[in-house]
Amino acid sequence: MNLESNKYQNLIHQIGELFQSGRQRAIQSVNTVLVQTYWEIGHYIVEFEQQGNERAEYGTQLFERLSKDLTLQYGKGFGRSNLLYMRKLYLSFPISGTLSHLLTWSHYYEILKANTNCIFLIKNNYRNN
C-alpha cells in the first residue's frame, strides 16, 4: 500500500471534510438547543412572574434570587443579566418557531440589547423566507 499516492491523499481530504462538516453540524445543533432552552427558561420566568395574571408585579427580588440559586446549583450562565435577556427573548419572540436556527445565543443577546427595530426586522425576514 502506497501512503504517498493520490488515493491516500484523497482519503485524508475526504475524512477531513467529513469531520469538519460533522463538527459544524454539531456546533449548530448545540446552539439551536441552547437558544431553545433559554427561550423556555424565559417562558418559565414570565409564567412565574405573572402567576396567571396578564401583567407581572414589579419590585420583587426574583432575578437576584434566581441568579444566586441557579448559579449555586448549576454553575455559570445564570447571571441576573442573562436571566433578564432569557425573559426578554421569550417576550420578544413568544412563538418559539420564529427563532432562527442560524443565530446563536450571542446573536440574540446583542439583538435584544440593540433595540426593538432589530427584532421587528428579524421577525419579518423569517416570515418572508
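Every heavy atom of this structure was used, including side-chain atoms; hydrogens, water molecules and symmetry mates were not. Keep in mind it's a predicted model, so treat the numbers as computed, not measured.
- Residues L91 and L66 fall within the same hydrophobic cluster, defined by Ile, Leu, Val, Met, Phe, Trp and Tyr side chains chained together at heavy-atom separations under 4.5 Å.
- T98 and I95 make their closest contact through OG1-O, 2.6 Å (heavy atoms, listed as atom of the first residue, atom of the second, distance).
- Under a hydrophobic clustering in which Ile, Leu, Val, Met, Phe, Trp and Tyr are joined whenever their side-chain heavy atoms come within less than 4.5 Å, directly or via other members, F48 and V46 fall into the same cluster.
- Residues passing the side chain to side chain donor-acceptor pair (under 3.5 Å) test with E17 are H13, sequence neighbours excluded.
- Taking every heavy atom of both residues into account, L112 and S92 meet most closely at CD2-OG, 3.6 Å.
- Within the structure, the salt bridge (Lys or Arg N to Asp or Glu O under 4.0 Å) test picks out the following pairs touching residues 66-80 (sequence neighbours left out): E64-R80, R65-D69.
- Considering only residues two or more places apart in sequence or on other chains, T37 meets the side chain to side chain contact (heavy atoms under 4.5 Å, CB included) condition with V33, I41.
- The stretch residues 20-42 participates, sequence neighbours left out, in these ring-ring contact (aromatic ring centres under 6.0 Å, His included) pairs: Y38-W105, W39-H43, W39-Y90.
- Applying the side chain to side chain contact (heavy atoms under 4.5 Å, CB included) rule to E40 yields the partners Q36; only residues at least two apart in sequence or on another chain are considered.
- Contact check for E49 versus F63: side-chain heavy atoms found under the 4.5 Å cut-off.
- Residue pairs that meet the ring-ring contact (aromatic ring centres under 6.0 Å, His included) test with at least one member in residues 68-88, sequence neighbours left out, are Y85-Y109.
- More than 12 heavy atoms of other shown residues, nucleotides or ligands fall within 6.0 angstrom of atom CG in L72.
- For T104, the side chain to side chain donor-acceptor pair (under 3.5 Å) partners at least two apart in sequence or on another chain are H107.
- Sorted by first and then second residue, the side chain to side chain donor-acceptor pair (under 3.5 Å) pairs with a member in residues 23-35 read S21-R25; sequence neighbours excluded.
- Looking at L103 and V35, their side chains never come closer than 4.5 Å, going by heavy atoms from C-beta outward.
- Residue N6 qualifies as open at atom CG: its count of foreign heavy atoms under 6.0 Å is 12 or below.
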Exercise for the section: Quick one: do I45 and L62 satisfy side chain to side chain contact (heavy atoms under 4.5 Å, CB included)? Show the steps, please. Expected result: CA-CA 9 Å; I45 291 169; L62 175 64; 4.2 Å; yes
